[in-house]
Amino acid sequence: MIEQPQEQQKSADAVRASITAMIGSDGSALSAELNALRKALFPPASQKVLRSFSSGEAAKLVGVADGYLRQLSLAGKGPQAETGPGGRRSYTLGQINELRELLDDAPKGKRYVPHRTDGEHCQVLAVVNFKGGSGKTTTAAHLAQFLALKGYRVLAVDLDPQASMTALHGYQPEFDVDANETLYAAIRYDGGQRPLPEVIRKTYFSGLDLIPANLELMEFEHDTPKALADRGSEPFFGRIATALGTVEADYDVMVLDCPPQLGFLTLGALCAATAMIVTVHPQMLDVMSMCQFLLMTSDMLGVVQEAGAHLYYDFLRYVVTRYEPSDGPQTQMVGFMRSLFRERVLTHPMLKSTAISDAGLSKQTLYEIGRESFSRATYDRAIEALDNVNGEILALMHQAWNRPT
């Protein structure tokens, strides 16, 4: 007997409902397991804390000799290090920042606190890529933490509804970030708008604050087409810049982790940025995807400029990520990019490293985990690559500020 159209429709509806329920069930199950994993990794309060730094690490971060820190400690000046087994001294990042303030003597030209001056604008670094898997969030998170370790006041802004940056900093988006607690709260078009300071969260990194993300950021993508017809509201491309401008006095640099798509959020971030950092994995398909991203971005930015957006970038740089020097095709691709873009490709690539991926298993970055967690060669190789990449970006910031590099 041939099934009637109405019966076929009911059958199709049942299948769709079953698939929807299955996807939702899998998402809920995975969310519960991730939350249980977090509680196991970071007891007793399920919150991340940053490790302490050895006296040698602290001295290197401050920019003085280890022996000088010991003299300060013996003289009772500054924060006192915690003494562990064998007399090993260690400092928290908060104490390291206290040491910077103690030693800072700007009138004599000895600056240990690197905060920007009144004549230096807040750097807003947009980390972007059209294709997932390019190391965008890894790059953005390590950059934000590197700058905080160097003593800068940093705001990390998670604009990706997938919220990987948020998760890396200890917040599980579906449990810890409620409605109207993301950047969307400050850029939405209706009466639910909130001041940006109300959604900024402190992190376990002294000097590093976070604007978390979750799926509600997608609402901005849905709301904006409706709002385009309303000439009474601020254009979408200026809303992120306006929101960030309300807190820029509190920070030296903002790091924006953009979604892996060229939507309204990404365009708004690019209009707010003072610099663009494009991550690229040196494989042919990734480079082809980046080509489309660049062409589309140029077209879209041209449109918003005609509509009144003001764009000015201190620098645009391409960061080679997940690079394997022993891979011949990757090396050829990097050479190809350098021949095209020249100095716009950072000199140092970010190497592919098991240390970074292993740290990610426990929702941590390499700057959070001590050297003792890996083989010395693996850790040193990865941390050197990270420091080189981030150091280049810091040097570009200093050039934009007319500081000595």
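Position 1 is the first residue of the sequence; numbering continues from there.
- Side-chain contact between I356 and M350 is present, with at least one heavy-atom pair separated by less than 4.5 Å.
- The closest side-chain heavy-atom distance from V253 to C122 is not below 4.5 Å.
- Q145 and T365 share a side-chain donor-acceptor pair at under 3.5 Å.
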task = With salt bridge (charged side-chain N to carboxylate O under 4.0 Å, His left out) as the test, would you mind laying out the steps for K136 and D160 before giving the verdict?
result = CA-CA 11 Å; K136 174 181 61 64; D160 189 345; 3.8 Å; yes
task = Start with the C-alpha distance between E368 and Y204, add both sets of side-chain angles, then the distance that settles side chain to side chain donor-acceptor pair (under 3.5 Å), and finish with yes or no.
result = CA-CA 10 Å; E368 299 175 59; Y204 49 93; 3.1 Å; yes
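- Listed by chain and number, the residues in a side chain to side chain contact (heavy atoms under 4.5 Å, CB included) with A167 amount to none (sequence neighbours excluded).
- Distance check: L270 CG to L301 CG gives 5.5 Å after rounding to the nearest 0.5 Å.
- T378 pairs by the side chain to side chain donor-acceptor pair (under 3.5 Å) definition with S375, not counting sequence neighbours.
- The aromatic rings of F220 and Y184 stand perpendicular to each other, their planes meeting at an angle above 60°, with 30° marking the opposite boundary.
- Side-chain contact between Y367 and I383 is present, with at least one heavy-atom pair separated by less than 4.5 Å.
- In this structure, the side chains of Q123 and Y251 stay at 4.5 Å or more apart for every pair of heavy atoms.
- Qualifying side chain to side chain contact (heavy atoms under 4.5 Å, CB included) partners for S54, counting only residues two or more places apart in sequence or in other chains: E57.
- With D314 contributing its side chain and A400 its backbone, the two residues share no donor-acceptor pair below 3.5 Å.
- Using a 4.5 Å heavy-atom threshold, the side chains of P259 and P161 count as touching.
- With hydrogens and angles disregarded, no donor-acceptor distance shorter than 3.5 Å links the side chain of S298 to the backbone of L294.
- Residues S289 and Q292 have side chains that never bring a donor and an acceptor to within less than 3.5 angstrom of each other.
- Between the side chain of T166 and the main chain of A213, a donor-acceptor pair closer than 3.5 Å is present.
- Proximity of a side-chain donor or acceptor of N390 to a complementary backbone N or O of L386 within less than 3.5 Å is detected.
- The pair D209-R153 does not meet the salt-bridge criterion, since no charged nitrogen lies less than 4.0 angstrom from a carboxylate oxygen.
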message = For a side chain to side chain donor-acceptor pair (under 3.5 Å) check, start with the C-alpha distance between N214 and T182, then their side-chain angles and the critical distance, and finish with the verdict.
response = CA-CA 7 Å; N214 64 15; T182 70; 4.6 Å; no
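- With a 6.0 Å radius and a threshold of 12 heavy atoms from other residues, nucleotides or ligands, Q80 has its CD atom above the threshold.
- Checked against side chain to side chain donor-acceptor pair (under 3.5 Å), R201 has the following partners two or more places apart in sequence or in another chain: E181.
- With sequence neighbours excluded, the residues satisfying salt bridge (charged side-chain N to carboxylate O under 4.0 Å, His left out) with D380 are R371.
- The main-chain N or O of E324 is found under 3.5 Å from a side-chain atom of Q330 such that the two form a donor-acceptor pair.
- Judged by distance alone, the side chain of R322 and the main-chain N or O of G135 form no donor-acceptor pair under 3.5 Å.
- Residues meeting the side chain to side chain donor-acceptor pair (under 3.5 Å) test with E198, sequence neighbours left out: R194.
- Partners of F53 according to the ring-ring contact (aromatic ring centres under 6.0 Å, His included) rule, which considers only residues two or more places apart in sequence or in another chain, do not exist here.
- Residues satisfying the side chain to side chain donor-acceptor pair (under 3.5 Å) test with D190, not counting sequence neighbours, are R188.
- Within the 4.5 Å cutoff, side-chain heavy atoms of L99 are placed close to those of Y91.
- Summarising the local packing, OH of Y313 is surrounded by more than 12 heavy atoms from other residues, nucleotides or ligands at distances under 6.0 Å.
- Taking D158 as the reference, nothing meets the salt bridge (charged side-chain N to carboxylate O under 4.0 Å, His left out) condition, with sequence neighbours excluded.
- For E221 (side chain) and L265 (main-chain N/O), a donor-acceptor pair under 3.5 Å exists by modelled atom type.
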request  = Please assess T331 against Y323 for the test side chain to side chain donor-acceptor pair (under 3.5 Å), listing each intermediate value before the final yes or no.
outcome  = CA-CA 8 Å; T331 300; Y323 176 53; 3.1 Å; yes
query = Stepwise, does the side chain to side chain donor-acceptor pair (under 3.5 Å) test hold for T242 with E234?
reply = CA-CA 9 Å; T242 297; E234 181 181 22; 2.5 Å; yes
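- In this structure, F341 places its CZ atom where more than 12 heavy-atom neighbours from other residues, nucleotides or ligands lie under 6.0 Å away.
- Although no hydrogens or angles enter the test, the distance criterion places no donor-acceptor pair under 3.5 Å between the side chain of D252 and the main chain of H115.
- Side-chain contact check for T224 versus E219: every heavy-atom pair is 4.5 Å or farther apart.
- Between the side chain of D104 and the backbone N or O of V113, at least one donor-acceptor pair lies under 3.5 Å.
- Counting only N and O atoms by type, the side chains of Q261 and T266 include no donor and acceptor under 3.5 Å apart.
- When the salt bridge (charged side-chain N to carboxylate O under 4.0 Å, His left out) test is applied to D327, no partner is found at least two apart in sequence or on another chain.
- Under the side chain to side chain contact (heavy atoms under 4.5 Å, CB included) criterion, P114 pairs with Y152, R403, sequence neighbours left out.
- Using a distance-only test at 3.5 Å, with no hydrogens or angles considered, a donor-acceptor pair links the side chain of N388 to the main chain of E384.
- The shortest distance between side-chain heavy atoms of V127 and T279 falls below 4.5 Å.
- Within 6.0 Å of CE on M284 lie no more than 12 heavy atoms contributed by other residues, nucleotides or ligands.
- Applying the salt bridge (charged side-chain N to carboxylate O under 4.0 Å, His left out) test to R317 and every residue at least two apart in sequence or in another chain returns nothing.
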